[in-house]
Chemist: 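The structure follows.
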Amino acid sequence: MDSSAEEKFRFCIDRSGTFTDIYAEVPGRREGYVMKLLSVDPSNYDDAPIEGIRRILEEFSGERIPRSAKIPTGKIEWIRMGTTVATNALLERKGERIALCVTRGFRDLLQIGNQARPNIFDLKVSKPSNLYEEVMMVTATGMSHLLKGSLGNCASGPDRKCGRLSHRSGFMSRFEGGSEQVNVLFMQSDGGLAPERRFSGHKVVLSGPAGGVVGYSQTLFGLETSKPLIGFDMGGTSTDVSRYDGSYEQVLETQIAGSIIQAPQLDINTVAAAGGSKLKFQFGAFKVGPESVGAHPGPVCYRKGTVIPEYFPSIFCPNEDMPLDYEATRKAFENLAVEINSHRKSQDPSANDMAIEEIALGFVNVANETMCRPIRQLTEMKGHDTKNHALACFGGAGPQHACAMARSLGMSEVLVHRYCGILSAYGMGLADVIEDLQEPYSAVYNTESSAEASRREALLVKQVKEKLMEQGFGEESIRTNSYLNLRYEGTDTAIMPRELTQISTKPVKESSCQIYFSSGWQDTLLYKLENLGYGHVLEGPAVIMNGNSTVIIEKDCKAIITKYGNIKIEINAAPSTVSISEKVADVVQLSIFNHRFMGIAEQMGRRLQRTSISTNIKERLDFSCALFGPDGGLVANAPQCPCAFRSHVYRGHHAEIGGITPGSMPPFSKCIWEEGAAIRAFKLVERGVFQEEGIVQLLQSPCSDELASYKIPGTCQIQDNLSDLHAQVAANQRGISLIKELINQYGLVTVQSYMNHVQKNAEVAVREMLKTVASRVAKENGSCVVEDEDYMDDGSVLHLKLTLDAIKGEATIDFEGTSPEVYGNWNAPEAVTTAAVIYCLRCLVDVDIPLNQGCLAPVKILIPKGSFLSPSDKAAVVGGNVLTSQRVTDVILMAFQACACSQGCMNNLTFGDDTFGYYETIGGGCGAGPTPGMALVVFNVT
């Protein structure tokens, strides 16, 4: 770069769902200039990045630039931007028209997909529309003709769809001379940069969050701490979680808006709660998210409808000059307080009213636990202990939650970058411009092949350097790295952290304010980061403002300004205490304990998935982990299917346990021993010893001595069985460890009390739903009694009589009149019907409630003995699990007048031989309900 380039403006821009953050290097300024705009503000501008560039150029160049005019490019060196254009293209299904060219016979392949449902309890089943408009089925010869040009554009559709949207969005057209006169680099999902002409939509779906990962990894790891980092990026719409331990963790596949994107990308996980999440009070508990109010209309305080409003940018109202609306926020909480305190009085007349400050802090605590839960889950899934990390906290809302989050996660160290509020934008200035080339080469490593590999590498290095030099980089600023996949990267590190000089003066406070903590209102000193220097130490409670975010230093925590101008917070993990003196559960702690209990079950599931070996558990996720109370009642179930009610233990589906066919799902079995091992009870671990010999005997010899003449084969995959059983034991051990931690933190009495409280909370939700349904049914039918029936393929009757009580919120589900046990395999143990009932109840509640024993408290289930819903212990039952369960679910939902019947079968496919067995289910579709019926989806997941 020539010297004149140093006098030009540089812009780093992150356009997210709520705010657009801009970091600009301005000629003549030592420090960068920061601007924050609402991403959507149609009354003031139509494009936030363009508006930000216009305002900064106008302010510092002295030239007036009307909003209608094109942006002059003579003083701009480069623009680096994270864009949502590709994500929006997928969400809105806009872009270039696409046709799918596919081998004959596979026209419906993409429409079928993996048949997944994001929420198995949602009766509003929907699938994203296809990216393509039409399908052309071709032979290999036909495909060759297409690729030669007759329909070449169609064949390359997916890339074109998103790849050219930067032009369509109008961004490049807003500059004088268009794309030829301005150097725009787009952030990619893999943490690298690409020039506008090489922009490809499928590579930038995570561009904004990727900038944040680059930002904290390059400025904190190794400079501020040697611990691995967990990135915690809390914005207005969502919160992103990532991890860095010296290298970027990458994945090759993600799913956005129902479309699977296969491209290198940083492993970033999004959770629901964020600064703009909706706050609700439902069924006696606080709820935070998952819905977000976004930027428009935004939260109440945005004047469209944080802690210290006067320090938040005044960017609201038509003139963009008004601060956050403190009074409107207080009024909203006062209205909510009436509802909350009314509920508390109804449960306990002696309960004291909660002040609005208590309520606000309660929502903060619930939000913290909502975000801690996936962090624990994600680190556990990768085999890491959360406690061994430092929390890299950024985003506009993140530093307000830093101390509380770290304390809850057991961390002792928090790092807050000085540009934490715009770190995703700042990180784009640190990112490399990447060009990658690869060439397949297969050979045994020796002297000859090493020389050939080096020759090929030299050619690739030459080519990639030429590409970077074409973009204006000098050869001295280019470095190449060679990996096993022959990936190369070039770099331009224009923004680097600079060290500060340690100062000996005491920190000077800006002012003081009153902040409400768990112990009540406290006088809290407020500091501006720009007035703090290297070596300053601030004891909590304190507030640090840096112009783009608020950092809360809680009591018993200490903030240290580092030599790079960042904030390091040392956490004192004081023990938490919960009062259980009241007769009913605390409305805040009820939500927190629900998250903790569900988190334990989820982490058990992650341990099971990570340590198992079979396809059925590791990939199909056909398992369920659960937590139970001292009375054996279910407290929390983290289901892929709500099947814990069937066995009341952790459950993993072993696809091969012997029997007359591979896969242990014989279509024509008549007796249970034809279906493989049937274990009534066996203690798998005795005094800490895994009883391998005993379980091997049961799995390899499924018939008892009196049935030995039947010669039923045992499992043909005993090693898979043993590995999965070891994984199930490991999952249980993980659950034991986590529940012990919870007991150590809160005490045994408190934990057991809240096990009962979360069950009661689920019961209240189901009762309210039953009251509503009973009133509707009585109005429409003149009675609270409904009878329905369905039929099995042989004509067997599945009869249901549903009796509802609109006063008590109770129901009797009576299957009297159901046909007797059949000489076939669609008999269903009673637990299958129980699981179907709880699944239906959870679907009908239609809000996020814990799936536990409380759901069944208002319900009486009557199953006639000897029917095919309560067969003898010798009856074949494999069809009961995958066929009858569907019919039971259908008839229950039909009686509740919730939706029409589904296909009524899981369509099991099994195949194998003497060495293996494989099992799969194929979704047929669901009936109409709140939405039209839908083909090709898994339904009635029981």
Side-chain angles (χ1 to χ4, degrees), residues 31 34 36 224 232 234 275 301 306-314 323-324 326 329-330 355-358 360-361 363-365 367-368 390-408 411-423 500-574:
E31 290 287 338
V34 173
K36 186 180 287 284
E224 305 286 20
F232 173 66
M234 184 179 181
C301 60
T306 207
V307 180
I308 308 171
E310 54 266 33
Y311 286 93
F312 196 91
S314 296
L324 292 174
Y326 179 84
T329 305
R330 172 173 282 275
I356 61 171
E357 293 83 4
E358 290 181 87
L361 183 62
F363 277 115
V364 171
N365 292 336
N368 289 341
L391 189 66
C393 200
F394 57 105
Q400 298 176 33
H401 301 258
C403 292
M405 293 277 295
R407 185 176 282 122
S408 182
M411 296 178 175
S412 60
E413 186 176 347
V414 173
L415 294 167
V416 182
H417 193 276
R418 69 184 187 276
Y419 289 124
C420 57
I422 59 149
L423 191 59
L500 304 178
T501 303
Q502 187 166 8
I503 58 178
S504 56
T505 59
K506 292 183 178 181
V508 178
K509 72 174 184 178
E510 174 73 13
S511 63
S512 62
C513 56
Q514 287 273 307
I515 294 185
Y516 192 87
F517 293 95
S518 57
S519 56
W521 287 104
Q522 292 192 31
D523 287 325
T524 306
L525 297 181
L526 185 145
Y527 301 86
K528 283 190 173 181
L529 183 60
E530 62 197 64
N531 297 329
L532 299 175
Y534 171 32
H536 277 155
V537 177
L538 309 178
E539 298 285 347
V543 177
I544 302 176
M545 306 298 300
N546 68 352
N548 51 74
S549 68
T550 303
V551 184
I552 301 294
I553 315 300
E554 293 190 356
K555 186 180 178 182
D556 299 322
C557 297
K558 180 169 62 177
I560 303 167
I561 308 302
T562 71
K563 63 182 179 180
Y564 297 107
N566 303 317
I567 306 167
K568 177 183 286 188
I569 306 173
E570 296 179 354
I571 306 295
N572 178 13

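Counting begins at 1 with the first residue of the sequence. Basis for what follows: all heavy atoms, side chains included, without hydrogens, waters or symmetry-related copies.
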Chemist: Name all residues meeting the side chain to side chain donor-acceptor pair (under 3.5 Å) criterion together with Thr524; count only those two or more places apart in sequence or in a different chain, and write none if there are none.
Modeler: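 Thr524: no side chain to side chain donor-acceptor pair (under 3.5 Å) contacts found.
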Chemist: Taking only residues two or more places apart in sequence, or in another chain, which ones meet Glu358 in a side chain to side chain donor-acceptor pair (under 3.5 Å)?
Modeler: none
Chemist: Do Glu413 and Leu391 come within less than 4.5 Å of each other through their side chains, counting heavy atoms only?
Modeler: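 No. Closest side-chain heavy atoms not under 4.5 Å.
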Chemist: Testing Val414, Ile552, Ile571 for side chain to side chain contact (heavy atoms under 4.5 Å, CB included) with Cys557, which one passes?
Modeler: Ile571
Chemist: Mind checking what makes side-chain contact (heavy atoms from CB on, under 4.5 Å) contact with Leu538, not counting sequence neighbours?
Modeler: Pro507, Tyr527, Leu532, Ile544, Ala559
Chemist: With sequence neighbours left out, what residues match Glu570 under side-chain contact (heavy atoms from CB on, under 4.5 Å)?
Modeler: Lys558, Ile560
Chemist: Would you please name every residue forming a side-chain contact (heavy atoms from CB on, under 4.5 Å) with Glu357, sequence neighbours left out?
Modeler: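 Scan of Glu357 (side-chain contact (heavy atoms from CB on, under 4.5 Å), adjacent residues dropped) gives Arg330, Ala355, Tyr516, Trp521.
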Chemist: Does anything in residues 543-554 pair up under salt bridge (Lys or Arg N to Asp or Glu O under 4.0 Å), and if so which pairs, sequence neighbours excluded?
Modeler: Arg407-Glu554
Chemist: If you take all heavy atoms of Ile561 and Gly533, which pair is closest and at what distance?
Modeler: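 Shortest heavy-atom separation between Ile561 and Gly533 comes out as CB-O, 3.2 Å.
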Chemist: Measure the spacing between CG of Leu525 and NZ of Lys509 and express it to the nearest 0.5 Å.
Modeler: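 Those atoms lie 5.5 Å apart.
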Chemist: What residues form a side chain to side chain donor-acceptor pair (under 3.5 Å) with Glu539, not counting sequence neighbours?
Modeler: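 Expected list: none.
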Chemist: When you measure from the side chain of Arg418 to the backbone N and O of Tyr564, does any donor-acceptor pair fall under 3.5 Å?
Modeler: yes
Chemist: Write down the atom of Lys506, the atom of His536, and the distance for their closest heavy-atom approach.
Modeler: C-NE2, 3.5 Å
Chemist: Is Lys568 paired with Glu224 through a side-chain N to carboxylate O contact shorter than 4.0 Å?
Modeler: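 No, Glu224 and Lys568 are not salt-bridged.
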Chemist: Just jot down the side chain to side chain donor-acceptor pair (under 3.5 Å) partners of Asn365, sequence neighbours excluded, or say none.
Modeler: none
